[in-house]
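The structure appears right after this line, and notes come after that.
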Amino acid sequence: MSSALISSADASRIAIPAEDEDVAALRQSVVTKLTYAVGRDPIVATDWDWFMAAALAVRDHVLERWLASTRANYDSQGKRVYYLSLEFLIGRLLHDSLSNLGLVDRMRAALAELGVDYDRLRNVEHDAALGNGGLGRLAACFMESMATLQIAAHGYGIRYDHGMFRQVIKDGWQHEYPENWLTFGNPWEVTRPDATHVVGFGGTVETRAGADGTTCYVWHPAEAVDAVAYDTPVVGWRGHYANTLRLWSARAADPLRLDAFNRGDHIRALEPRDRANAISQVLYPSDETPAGQELRLRQEYFFTSASLQDLVLRHMRQHKGDIRLLPDKAAIQLNDTHPAIAVAELMRILIDLHALPWEEAWRITTDTIAYTNHTLLPEALESWPVSLMERLLPRHMQIVYQINRLHLDAVRALPQFDGAPLAALSLIDDNAGRRLRMSSLAFLGAHKVNGVSALHTELMRQTVFRELHQLYPDRIVNKTNGITLRRWLFAANPRLTGLLTEVVGERVLDDAEALAGFAKAADDTAMHDRLAHIRRDNKQALARLVAERLQITLDPDALFDAQIKRVHEYKRQLLNILETIALYNDMRARPTSNWVPRVRIFAGKAAGSYRRAKLIIKLINDVANVINNDPALGGLLKVVFIPDYNVSLAEAIIPAADVSEQISTAGMEASGTGNMKLALNGALTIGTLDGANIEIRDRVGQDNIFIFGMTADEVEERRRRGPGARETIDGLPVLQEVLDAVAYGVFSPDEPQRYRELVDELTGNDHFMVTADFAAYAAMQRRISAHWHDRRAWWRASVLNTANVGWFSSDRAIREYAADIWNVVPRIT
Ligand code: 26Q
């Protein structure tokens, strides 16, 4: 040990166990980082300083794997996967990295010797919140699985200066504040100034006569923006392998207009810099209805272009400049339509820069690109005004028109389309001004298009992509989503993980399907007791968090019921809170009944511009206020809205949940992934036949999940028939009483009319079928309470949930993508 770096006082206090060299080495490297990278003396170091030092020490371990992996990829000359996503919702990395490297215990010991508490320290890390929700978290789980399976992969996205906004609840209302994860530095990233690409915008296209009578096109952009690469290693399970997440930051290629500066116009001189910087400044918070702002389109093209330039350059360097080999060496996956302009950009690169003929460029493009769809909501499908596209990306629009021409010509040549209207098949939507349909562009430019659950994929074939599917019946495939067990079980719930390894053996740590072995514990009451003990500990930890943040006391013996996800009308937090009010009314009316003590937990953000969703948050908080402070209840029912939901909060709530709320209007939730995380941790699902809920039911069994409500077909049918809410409510006095209470201000005496609009929607259109599903939902909640009384039945169902959801591992999902879409073979099979 070199004691020069720590004070002599420390040196004498710390006794290094001679047998544990690793701990000593780790401790030494933390101290070295603290001294030489952070520039702090241990005596005065803050938790943040220690965090940075620990993270940098861990990063050294990761870097070794990373460089070795990169070298191995290069030597193997194999195919690489490129995952293009505007969102990577990775959360914190310290514990995740240590856990995957198997270094948690050693780091804990090393820090303890330095007088630092690991658990306090891991909590000071900012979440990397570079995503809105499911789509962004899926990208993060997939990156981790690809590293675990040793698939050579690069994630490409944007290094937002400000990620998902910080949610603060004031007087029950949501307020949005900028998020500042980079302010004090990011220990995980490495800047790569050499990997800078220039991205053009606007300008003109020049036509030139090329050799042998062909025409060449030269784009002269009016504006140039530099994309600067920041790389973060993504280390897989057991630390054998690491991939790269490359995020682009925007800089003006020419930051200062010297002409203006020299005139003394300093503000104008800095305009190009500000215009460029704006591109990577902030993540767009989504309410799933694209706002169609120019800055968003600039983000999309910026990161797509930089990524394609980067991967083509890598390909040319590695494969002797033979661009024709691209489909054999690269698989590009588009995470939703956000990078759909990749289709036109790759065509432009191949034709304009590599002089390939159209047909060959098109074959290479479609063989290389695949596209994942995450939504069917018509209002959520991206389309851009043609006028905006022509102004910003003139050359790309020429290419798009040519793709469309050839596509429609091919359609016209087919006998079955003779005389059929082609409008539905066109890339251009003529209905509301001319707009480019990004989902159609992505579909045509891809060899495979996938949905994210079996139901969703089937609905894609029947609805949004009906016509295109008829034309290309083999193109749409299903890839049901998955989650990484490393974060959502091993790291989030170490106690349950310990029990599982004890019962089914260590192999569960490497093979999610081995969880099936846990089913043998389904009827073992001693095992039930141990599970109940673990759950109670987790609930107590969550109760501490809630007490600290909200000054609300939760009873860890109550049933914890959690609905944690973005707040959106189709996810139906409103259904949940209305039923909570009904339960409250009933508890007050029949105080001596054998009630199950319950906690209704909500967490989630509403897009800042989504008025209704924000009103629903306010309603939840207003209801919570009344219920939590009603002495008549004696704490039997509590409602909590935990602010600022993010990955770290999810990691705290999920292991503590008894019931998982997955109650979207059937046909509207593409998949859901929170449903998988909660079931994995043993929560019982109350849910509709929507998204992956259906497949979860198929695996855990009818008896171990609480399914209620209309099917997607029934929803469609009922919508066709027109509004039927009035009759439904008339037949449900319990619901009428709840709606009256909300409408007349029982929960908002300061503003009795506050919820008028919500109630009007429910009694009128009720687009999301809240009233239609209310009775079935309420009945199912009562069945859950009855089930809770039967502890044997409850824990049996819980065991069978954990045991049967191994299939929802993102390792399985990635293996399917690898085999059916990318044509790559994982080194770990
Ligand atoms: C689009 C244009 C402009 C601004 C923002 C957006 C935008 C951003 C994010 C639109 C949608 C999103 C996110 C969508 C999303 O998270 N979808 C979810 O994806 C999950 C992973 O497949 C599914 O499990 C969920 O069902 C689905 O809602």
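One-based numbering, in listed order, for ligands and for the atoms of each.
At a heavy-atom cutoff of 4.0 Å, ligand 1 is contacted by the side chain of His338 but not by its backbone. Under 4.0 angstrom from ligand 1, the non-hydrogen atoms of Glu87 all belong to its side chain. At a heavy-atom cutoff of 4.0 Å, ligand 1 is contacted by the side chain of Tyr570 but not by its backbone. By the criterion of a heavy-atom distance under 4.0 Å, neither the backbone nor the side chain of Thr372 is placed next to ligand 1.
For Phe443, the ring-ring contact (aromatic ring centres under 6.0 Å, His included) partners at least two apart in sequence or on another chain are Phe465.
Ranked by closest heavy atom to atom 28 (O) of ligand 1, the top entry among Glu669, His568, Glu382, Met676 is Glu669. Among Ala139, Ala607, Ser286, the residue whose heavy atom lies closest to atom 11 (C) of ligand 1 is Ser286. Summarising the contacts of atom 18 (C) of ligand 1 with Asn675, Thr673, Leu135, Asn132, the nearest heavy atom is found in Leu135.
The shortest distance between side-chain heavy atoms of Met676 and Trp488 does not fall below 4.5 Å. Side-chain contact between Leu295 and Tyr284: present, with at least one pair of heavy atoms (C-beta onward) separated by less than 4.5 Å. You'll find the side chain of Arg487 reaches within 4.5 Å of the side chain of Val647, heavy atoms only. Between Met769 and Arg572, some side-chain heavy-atom pair lies under the 4.5 Å cut-off.
A parallel orientation is assigned to the rings of His154 and Tyr156, their planes being inclined by less than 30° (bins at 30° and 60°).
Every atom of ligand 1 is numbered from 1 in the order shown, and the set under 4.0 Å from a heavy atom of Gly134 is 16 (O), 19 (O), 20 (C), 21 (C). For ligand 1, the atoms lying closer than 4.0 Å to a non-hydrogen atom of His374 are 19 (O), 21 (C), 22 (O), 27 (C). Under a 4.0 Å criterion applied to the non-hydrogen atoms of Pro290, ligand 1 contributes the atoms 2 (C), 3 (C). Each of the atoms 26 (O) of ligand 1 lies under 4.0 Å from some heavy atom of Ala670.
Side-chain rings of Phe303 and His338 stay apart, their centers remaining 6.0 Å or farther from each other. Between Phe708 and Tyr777, the distance separating the two ring centers is shorter than 6.0 angstrom.
Of the charged side-chain nitrogens involved, at least one lies within less than 4.0 Å of a carboxylate oxygen, so that Glu816 and Arg812 count as a salt-bridged pair.
Judged by the shortest distance from any of its heavy atoms, Gly672 lies inside the 4.0 Å radius around the atoms of ligand 1. Look at Val452 and you'll find a heavy atom under 4.0 Å from some atom of ligand 1.
Backbone and side-chain nitrogen or oxygen atoms of Arg296 are examined, and none is located within less than 3.5 angstrom of a nitrogen or oxygen of ligand 1.
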